Amino acid sequence: MKRAVYPGSFDPMTYGHLDIIRRASEIFDILIVSVLNNKPKTPLFSVEERVKILEEATKDLPNVKVDSFSGLLSNYAAENNLHVAVRGLRAITDFEYELQLAQGNRKLSDGHLDTVFLTTSLEYAYLSSSSVKEIASFGGDVSHAVPEYVASQMYEKFKQMKGMD
Ligand code: PNS
């Protein structure tokens, strides 16, 4: 059984992430999409909300499971007997950070955790969770980037935040 983990912040999941998930789920027998529970960052969506969004988006993919983790990815991988991490590469600008992450994970895992890169499909290569959040915060159209139920949750969150000003 070939298992892999696709770790990320997924704040929120975009069609770019979903594209990587779909393609990786065809390569691996089991794909675990795992949301980083990173306290120092202030995410727009809670871990529970991000997990729920991913579960909804992947409900037609039976070999995809959604989980969350905190701390080091290498520790999470070791605890769950996972030896492959999947990451998407959109452009050369992603490369330096991704290389560092991949090398760091190999080092921290004593060579037990390797990273496999999938190049993001061209139609999603411009997407990032941050730009989607910025567009949504100004009430712009994000239907090209996220499913409708994610867009409406984002608009609602920004509406509430503006109400607090
Ligand atoms: O979606 P992102 O924010 O680009 O994902 C980054 C992620 C979650 C893959 C990365 O930040 C991560 O694995 N963090 C966990 C902490 C860790 O293991 N750091 C050491 C990396 S060498």
Side-chain angles (χ1 to χ4, degrees), residues 2-25 27-28 30-58 61 64-137 142 144-147 150-151 153-154 157:
K2 286 233 175 308
R3 295 159 74 240
V5 57
Y6 178 26
S9 302
F10 304 108
D11 184 38
M13 177 213 76
T14 68
Y15 284 138
H17 295 126
L18 199 51
D19 167 57
I20 298 291
I21 293 171
R22 281 189 188 285
R23 287 160 54 209
S25 75
I27 298 170
F28 297 97
I30 304 274
L31 180 72
I32 299 160
V33 182
S34 204
V35 177
L36 176 65
N37 189 354
N38 190 350
K39 293 262 156 49
K41 264 195 188 172
T42 316
L44 182 63
F45 289 93
S46 70
V47 174
E48 294 73 24
E49 288 170 328
R50 285 180 271 161
V51 164
K52 232 172 155 180
I53 288 169
L54 282 158
E55 281 174 347
E56 174 64 27
T58 59
L61 301 171
V64 174
K65 317 261 172 268
V66 184
D67 193 14
S68 63
F69 74 105
S70 40
L72 292 175
L73 177 65
S74 50
N75 289 345
Y76 170 76
E79 283 156 18
N80 292 281
N81 200 23
L82 295 160
H83 304 288
V84 180
V86 172
R87 292 286 290 171
L89 277 179
R90 288 168 299 191
I92 194 74
T93 41
D94 283 341
F95 185 74
E96 208 163 322
Y97 169 66
E98 292 298 337
L99 185 67
Q100 240 177 32
L101 211 61
Q103 302 286 28
N105 281 326
R106 255 181 77 73
K107 187 80 188 158
L108 289 168
S109 66
D110 279 332
H112 292 296
L113 180 60
D114 255 308
T115 304
V116 167
F117 295 105
L118 293 184
T119 51
T120 304
S121 297
L122 279 179
E123 68 259 47
Y124 304 123
Y126 68 98
L127 281 183
S128 73
S129 298
S130 325
S131 66
V132 172
K133 280 185 279 194
E134 188 175 27
I135 296 168
S137 74
V142 290
H144 57 285
V146 294
V150 179
Q153 285 182 60
M154 273 198 289
K157 280 187 185 285

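Counting starts at 1 for both ligands and their atoms, in listed order. Computed from a prediction, not measured in an experiment: that's the story for all the values here.
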Cut-off 3.5 Å, no hydrogens considered: what does the side-chain donor-acceptor table look like for residues 68-77, sequence neighbours left out?
{"from": "Y76", "atom 1": "OH", "to": "S34", "atom 2": "OG", "distance (Å)": "3.1"}
{"from": "Y76", "atom 1": "OH", "to": "D67", "atom 2": "OD2", "distance (Å)": "2.6"}

> Between the main-chain N or O of T115 and the side-chain N or O of R106, is there a donor-acceptor pair closer than 3.5 Å?
Replying inline: no

> Which residues pass the side chain to side chain contact (heavy atoms under 4.5 Å, CB included) test with R3, sequence neighbours left out?
Replying inline: I30, I32, N81, L82

>> Holding to side chain to side chain contact (heavy atoms under 4.5 Å, CB included), I want the full list of residues that pass it with D94, two or more places apart in sequence or in another chain.
In response: L89, R90, E98

> Are more than 12 heavy atoms from other residues, nucleotides or ligands located less than 6.0 Å from atom CD of E55?
Replying inline: yes

Name each N or O atom in ligand 1 that is under 3.5 Å from a protein N or O, and give the partner atom and the distance.
{"from": "ligand 1", "atom 1": "1 (O)", "to": "S9", "atom 2": "N", "distance (Å)": "2.9"}
{"from": "ligand 1", "atom 1": "3 (O)", "to": "S9", "atom 2": "OG", "distance (Å)": "2.5"}
{"from": "ligand 1", "atom 1": "4 (O)", "to": "R87", "atom 2": "NH2", "distance (Å)": "2.9"}
{"from": "ligand 1", "atom 1": "5 (O)", "to": "R87", "atom 2": "NH1", "distance (Å)": "3.2"}
{"from": "ligand 1", "atom 1": "18 (O)", "to": "L73", "atom 2": "N", "distance (Å)": "2.8"}

> Going through the checks in order, is the side chain to side chain contact (heavy atoms under 4.5 Å, CB included) test met by F45 and M154?
Replying inline: CA-CA 8 Å; F45 289 93; M154 273 198 289; 3.5 Å; yes

